[in-house]
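Inspection log for the structure reproduced underneath, given as structure tokens.
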Amino acid sequence: DLPIFDEMRIALGDVYDGNNLFAFIGNKQGDIHAYEKVGSSWVADSNAIVNLPNYAYDTSLTLIDMNDDNLLDLILRKDPSGSFNDDEFEGWQNNGYGNAWTLNSNFVTGLPSQFYDIAAEITSADLDGDGKKDLLIGGADEFGNKYLDFYLNNGSSSPQWVKDNSKISG
């Protein structure tokens, strides 16, 4: 079964294009865990997270194929210090099951380098109908101001993120 962590964030997907569902979980302590769905159970799988870092504080993530290789990559939102306004995004390239993930800064081109960080969430979906996954990032700052930002993927073989909140107004 899947464990319960403080302030956990979950991303589900067939990470290795093998018809196996994985749950990647980030939590308040900055850890990243992976579980594979085997029959009716979830089984911890450390081979699925080779080379992925653990951070000192809060981590959220989304799974998205950013380089068209049919393997789901990761965009992580990390809090390096636990203080305000210093969260960062990292892109991690999936190199196949059991192989080390590779940090890839091209995957986060156009995303803010630092931003508000209380209860920040990130998710991906094709929000503009062009066949490419886009990002929706939401949360609040230390003053209670809430935000929801849409980042359109204008890239071809690697994402190029452009903030466009007109896609979520209404």
Side-chain angles (χ1 to χ4, degrees), residues 1-84 86-126 132-139 151 153 155 157-159 161:
D1 292 336
L2 287 176
I4 298 173
F5 297 100
D6 287 337
E7 298 181 25
M8 60 194 282
R9 278 91 170 172
I10 302 173
L12 297 172
D14 179 5
V15 180
Y16 300 106
D17 195 28
N19 298 319
N20 296 331
L21 184 62
F22 283 82
F24 278 66
I25 302 173
N27 64 24
K28 182 178 181 177
Q29 290 75 32
D31 301 325
I32 299 171
H33 304 272
Y35 295 85
E36 182 180 5
K37 182 78 168 155
V38 178
S40 62
S41 300
W42 290 95
V43 178
D45 191 341
S46 61
N47 288 324
I49 55 174
V50 174
N51 207 39
L52 286 178
N54 287 325
Y55 300 106
Y57 298 94
D58 190 31
T59 302
S60 57
L61 47 93
T62 191
L63 293 165
I64 176 174
D65 183 6
M66 291 182 276
N67 56 351
D68 298 325
D69 64 355
N70 294 319
L71 298 174
L72 294 177
D73 306 300
L74 278 170
I75 292 183
L76 300 178
R77 193 261 323 144
K78 68 175 185 172
D79 182 351
S81 71
S83 63
F84 299 117
D86 68 345
D87 281 22
E88 300 170 348
F89 289 105
E90 288 184 345
W92 287 86
Q93 183 172 329
N94 180 350
N95 295 307
Y97 184 77
N99 295 316
W101 292 73
T102 306
L103 186 62
N104 188 329
S105 61
N106 292 329
F107 288 172
V108 294
T109 301
L111 294 179
S113 59
Q114 294 183 334
F115 63 99
Y116 299 114
D117 60 357
I118 297 176
E121 297 290 339
I122 180 172
T123 193
S124 59
D126 181 8
K132 295 181 283 191
K133 297 283 181 142
D134 307 301
L135 298 178
L136 199 57
I137 302 169
Y151 285 87
N153 181 356
S157 62
S158 190
W161 306 108

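Numbers here simply count residues along the sequence, with the first being 1.
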Nearest heavy-atom neighbours spanning [X] and [Y]:
X: Asn95; Y: Ala100; value: ND2-O, 2.7 Å
X: Leu12; Y: Ala23; value: CD2-CB, 3.5 Å
X: Tyr151; Y: Pro112; value: OH-CD, 3.3 Å
X: Asp73; Y: Met66; value: OD2-N, 2.9 Å
X: Asn47; Y: Val50; value: O-CG2, 3.5 Å
X: Leu74; Y: Leu52; value: CD1-CD1, 3.5 Å

How far does [atom1] of [X] sit from [atom2] of [Y], to the nearest 0.5 angstrom?
X: Gln93; Y: Asp65; atom1: CD; atom2: CG; answer: 9.5 Å
X: Glu90; Y: Ser105; atom1: CD; atom2: OG; answer: 10.0 Å
X: Lys133; Y: Ile75; atom1: NZ; atom2: CD1; answer: 11.5 Å
X: Leu76; Y: Glu88; atom1: CG; atom2: CD; answer: 11.5 Å
X: Leu136; Y: Glu121; atom1: CG; atom2: CD; answer: 11.0 Å
X: Lys132; Y: Asp68; atom1: NZ; atom2: CG; answer: 9.5 Å

Should [X] and [Y] count as side-chain neighbours, where that means a heavy-atom distance under 4.5 Å?
X: Asp45; Y: Tyr35; answer: no
X: Ile64; Y: Phe107; answer: no
X: Phe89; Y: Ile122; answer: yes
X: Asp14; Y: Leu21; answer: no
X: Leu135; Y: Leu111; answer: yes
X: Asn94; Y: Trp101; answer: yes
X: Trp161; Y: Asn153; answer: yes

Discussion item. Using the rule given for side chain to side chain contact (heavy atoms under 4.5 Å, CB included), can you reason through Leu103 versus Trp92, listing the C-alpha separation, both sets of side-chain angles and the distance that settles it, and then say yes or no?
Written reply: CA-CA 5 Å; Leu103 186 62; Trp92 287 86; 3.6 Å; yes
Item to complete: Mind running side chain to side chain contact (heavy atoms under 4.5 Å, CB included) on Ile25 and Ile32 for me, showing each step along the way?
Response: CA-CA 6 Å; Ile25 302 173; Ile32 299 171; over 6 Å; no
Item to complete: Check for a donor-acceptor pair, side chain of Ser124 on one end and backbone N or O of Leu63 on the other, with a separation under 3.5 Å.
Response: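 Looks like yes, one N/O pair under 3.5 Å.
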Discussion item. Has Asn104 got a side-chain atom pairing as donor or acceptor with Gly91's backbone, closer than 3.5 angstrom?
Written reply: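 Checking the backbone N and O of Gly91 against the side chain of Asn104, no donor-acceptor pair under 3.5 Å is found.
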Worksheet item: Who are the side chain to side chain donor-acceptor pair (under 3.5 Å) partners of Asn20, not counting sequence neighbours?
Response: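 Glu36.
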